Amino acid sequence: MKRVLSIILVLGIMMLSTAAAAATGYDTVFSDISGHWAKDTIERMANLGIVKGVGNGMFLPDREIKRSEFIVALHKAAEIKINYFKAPDINEFFDDVKNEDWYASTLYDLASLNIVDDREKFRPNDLITREEMVHYLVNTYKYKLNIVLDQIDEKDKCFDDEESIQKQYKESVKYAFKLGFVRGRSNGKFVPKGYSTRAEAMIVLEKLMQTLKENIKAEVEVIPSFEKHEDGYKMALTIKNNSKKDVVIQHFSGQKYDFVLLDDKKEELYRWSGDRAFVEILTSTEIPAGKTVEFSEILDAKTYDEISGKAYYFKAVIVGSSEDFEINEDGYYLSLKEEKDNKLEIVPSYKKGEKTFTMKLSIKNTSKKPITINHTSGQKFDFKLLDENKEIIYTWSADKIFIMMETQTVIDPGKTVEFADELDMESFGDIVKKARYLKAYIVGASEDCEIEEDGYEVEITESKENSLVVVPEYEKSQNTFTMKLKLKNTSDGDITINHSSGQKFDFKLLDKNKEILYTWSADKGFIGVLTETVIDAGKTVEFEEKLDMENYKDVIGKAKYLKAYIVGTSEDCDIEKDGYEIEIK
């Protein structure tokens with residue numbers, strides 16, 4: 001009977017610890033960007049929700065980005081929000097996109113604003129070229145700031161290869177250079193037909209966001225404040241018009257503003273307008289150039305004292321719209337309590353073997369002080385396996401009993417704690433075969449950092465037999481630098497690699513910071529037909545290209561790494577989309 005009660009108590013604690021999702025406070029960690037030149041930007045953009053990884057904890061920073069992927073990230077970065085009176089139909093603009101496509105609504109917004117000014121064909125699955133990317137970027141800049149850019153003098157030369165930029169993109173490229181959005185890849189060249197990588201896209205999008213923020217702040221500033229007052233607390237919303245023209249805000253009723261107090265999960269505790277009625281008449285607020293308007297209300301001390309222990313955020317809201325500046329519909333936030341720093345790097349992982357399936361949870365303390373995690377029982381962690389529909393098919397703790405006493409996990413500065421357990425494939429093979437996601441949980445709470453109660457997830461991918469040995473090589477002579485990519489089939493059957501165009505491979509040269517100096521395919525055109533490479537059992541296929549030292553001496557002199565790519569997919573083996581790297585010595 002005691003055993004049954006213990007199990008019930010443990011299950012009850014588990015249900016409480018995993019029932020609700022915590023506020024996001026955990027930095028995104030990618031396993032393949034350590035040391036990458038764009039690492040910091042990628043992490044910032046991921047934490048802002050502008051971009052996601054490609055699964056299994058990876059980002060693939062040097063993989064080229066598709067047109068559809070870029071416009072979705074651009075839409076998020078520019079915070080485009082449009083309400084329509086009828087359901088949008090993407091076929092008003094393009095005939096190669098369907099309304100049910102995952103990027104269709106985003107594309108409709110950008111097309112209706114003429115940010116994406118292509119028509120009829122959008123080519124969503126094509127890789128985006130640098131000139132296309134820059135054109136959409138500058139169109140967004142003009143729309144967001146509601147400006148017409150001055151005409152640039154044709155004599156102002158920014159890049160040595162400007163003659164290869166398409167006419168409709170040339171002005172945008174020059175403005176992007178002038179605004180600091182882009183720079184050349186090497187030897188003063190822009191490489192307009194070169195494809196943008198995921199890392200390059202994040203860099204230019206962050207620069208756009210920073211530029212917009214600086215310009216919008218200079219025009220109109222919206223400042224929330226929550227201060228102690230003799231009658232209680234003063235809630236205020238200050239709008240400063242720093243521009244040279246009047247700003248008008250249109251209100252749909254007599255309500256012009258609102259004030260809200262939220263808990264640590266940003267759930268509402270108090271709303272000023274909750275018990276108020278407003279006249280149903282259109283009103284407006286005019287803010288002359290250089291002037292400031294303040295909306296304020298007093299919250300009585302008694303009301304605030306009842307919720308003060310739970311109140312973490314104050315939110316001020318402008319209830320209305322304006323054609324003169326962008327109003328944040330979600331409101332303007334102010335933290336009332338010091339938020340916890342993200343001091344833990346938490347990484348779930350797995351290892352699939354013939355006899356065992358290992359589940360791991362790695363917790364690293366990146367701060368300069370010890371971090372203590374308090375557990376309400378002997379259980380410190382948990383693992384769940386989910387199927388393709390994210391339904392739970394296995395819970396590690398379900399058949400376990402834990403001591404009913406408080407325990408602690410202390411992680412010293414710079415140290416890592418790892419929890420792990422194994423499932424034997426003989427008993428759990430069927431479950432592991434169905435599993436598509438692993439979720440790892442820290443069962444506890446900490447005053448030193450945020451812990452995600454909803455757990456940390458990693459996708460379980462099917463690994464194919466490593467039957468293709470891929471080796472990048474190079475040879476350096478007095479006159480030439482030869483780049484090679486060898487593909488050896490070590491299996492007993494043929495391997496077929498399918499290519500979406502005439503391009504079967506690519507080479508990149510990187511500097512010591514792993515920044516791209518040269519891309520072989522950047523100035524090349526390929527036939528737009530499906531092709532394939534067949535490698536017979538036990539045979540080797542080799543791709544190679546030569547650079548003459550006379551024209552590429554500077555690039556080769558700076559190059560510290562060669563990256564070779566197989567441009568294609570295969571059902572017979574795994575192909576590393578992030579390429580195959582070798583150090584140049």
Side-chain angles (χ1 to χ4, degrees), residues 1-22 25-26 29 56-57 344-365 370-412 415-462:
M1 184 65 181
K2 288 181 180 178
R3 172 183 165 87
V4 174
L5 287 174
S6 296
I7 293 173
I8 292 171
L9 283 170
V10 170
L11 290 175
I13 291 168
M14 283 175 51
M15 290 171 67
L16 287 172
S17 68
T18 60
Y26 164 65
V29 176
N56 207 20
L344 289 185
E345 286 184 3
I346 304 173
V347 181
S349 62
Y350 67 90
K351 185 176 182 180
K352 191 186 293 186
E354 271 187 46
K355 296 183 178 181
T356 59
F357 180 82
T358 305
M359 304 172 290
K360 294 182 181 180
L361 178 61
S362 174
I363 309 170
K364 182 178 180 180
N365 179 1
I371 288 179
T372 300
I373 302 173
N374 299 304
H375 312 281
T376 54
S377 73
Q379 184 183 6
K380 298 181 178 183
F381 62 94
D382 206 353
F383 295 110
K384 293 180 188 290
L385 293 176
L386 316 179
D387 64 15
E388 60 184 3
N389 299 315
K390 295 204 172 181
E391 297 289 335
I392 299 170
I393 56 176
Y394 169 81
T395 300
W396 171 78
S397 64
D399 59 351
K400 311 270 187 311
I401 298 175
F402 305 96
I403 56 171
M404 300 309 298
M405 62 179 290
E406 293 185 355
T407 58
Q408 288 184 336
T409 297
V410 180
I411 310 174
D412 292 327
K415 299 297 182 181
T416 299
V417 167
E418 185 175 274
F419 300 120
D421 202 18
E422 291 184 347
L423 300 180
D424 68 276
M425 295 297 285
E426 185 177 346
S427 301
F428 295 94
D430 290 341
I431 290 175
V432 173
K433 192 177 293 184
K434 294 177 183 176
R436 291 294 175 268
Y437 301 92
L438 167 67
K439 250 193 172 180
Y441 298 81
I442 299 174
V443 182
S446 177
E447 294 182 358
D448 304 317
C449 62
E450 294 283 359
I451 291 175
E452 181 59 68
E453 294 181 10
D454 196 35
Y456 304 89
E457 184 177 283
V458 62
E459 185 178 359
I460 299 172
T461 57
E462 286 294 329

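Every value quoted in this text rests on a predicted model; they were computed, and no experiment measured them.
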**OP:** Using atom types as modelled and distance alone, determine if a side-chain donor or acceptor of Thr407 lies under 3.5 Å from a backbone N or O of Ser377.
**Re:** yes
Subject >> Which atom of Ala435 lies closest to which atom of Ile460, heavy atoms considered >> reply: CB-CD1, 3.9 Å
**OP:** Could you tell me the separation between the OG1 atom of Thr416 and the CD1 atom of Ile346, rounded to the nearest 0.5 Å?
**Re:** 11.5 Å
Original post:
Of all heavy-atom pairs between Phe419 and Lys380, which one has the smallest distance, and what is that distance?
Top reply: CZ-CB, 4.1 Å
Subject >> Enclosure of Glu418 CD (heavy-atom neighbours >12, cutoff 6.0 Å) >> reply: yes
Subject >> Ring centres under 6.0 angstrom apart (Phe428, Tyr394) >> reply: yes
Subject >> Sidechain-backbone polar pair: Asp382 side chain, Tyr441 backbone, donor-acceptor under 3.5 Å >> reply: no
Original post:
What closest approach, in Å, do Trp396 and Gln379 show between heavy atoms, and which atom pair accounts for it?
Top reply: CZ3-NE2, 4.5 Å
Subject >> Ile373 side, atom CD1; Ile411 side, atom CD1 - distance, nearest 0.5 Å >> reply: 4.5 Å
**OP:** Locate the shortest heavy-atom distance separating His375 from Thr409; write the atom from each residue and the value.
**Re:** NE2-OG1, 2.8 Å
Subject >> Donor-acceptor pair, side chain of Lys390 and main chain of Leu386, under 3.5 angstrom >> reply: no
Subject >> Heavy-atom closest contact (Tyr437 atom, Glu457 atom, distance) >> reply: CD2-OE2, 3.7 Å
**OP:** For side-chain contact (heavy atoms from CB on, under 4.5 Å), just list the numbers for Asp421 and Thr358, CA-CA rounded to whole Å, side-chain angles, deciding distance to a tenth of an Å, and then say yes or no.
**Re:** CA-CA 6 Å; Asp421 202 18; Thr358 305; over 6 Å; no
Original post:
Hey, does Ile371 have a side-chain heavy atom less than 4.5 Å from the side chain of Val410?
Top reply: no
Original post:
Taking the side chain as C-beta and beyond, is there a heavy-atom pair between Asn365 and Asp412 under 4.5 Å?
Top reply: no
Subject >> From CD1 (Ile393) to CZ (Arg436), nearest 0.5 Å >> reply: 8.5 Å
Original post:
If we only count heavy atoms from C-beta on, is the Phe381 to Ile363 side-chain gap below 4.5 Å?
Top reply: no
Original post:
To the nearest 0.5 Å, what is the distance between NZ (Lys384) and CE (Met359)?
Top reply: 11.5 Å
Original post:
How long is the gap from OG1 on Thr376 to CE on Met404, to the nearest 0.5 Å?
Top reply: 6.5 Å
**OP:** Mind listing the closest non-hydrogen atom pair of Asp448 and Thr372 along with its distance?
**Re:** OD2-N, 2.9 Å
Original post:
If you measure from CG on Leu438 to CG on Asn56, what distance do you get to the nearest 0.5 Å?
Top reply: 10.5 Å
Subject >> Full working for side-chain contact (heavy atoms from CB on, under 4.5 Å) between Leu423 and Thr356 >> reply: CA-CA 6 Å; Leu423 300 180; Thr356 59; over 6 Å; no
Subject >> Heavy-atom neighbours of Lys364 NZ exceed 12 at 6.0 Å >> reply: no
Original post:
Donor-acceptor pair, Lys439 side chain versus Pro348 backbone, under 3.5 Å?
Top reply: no
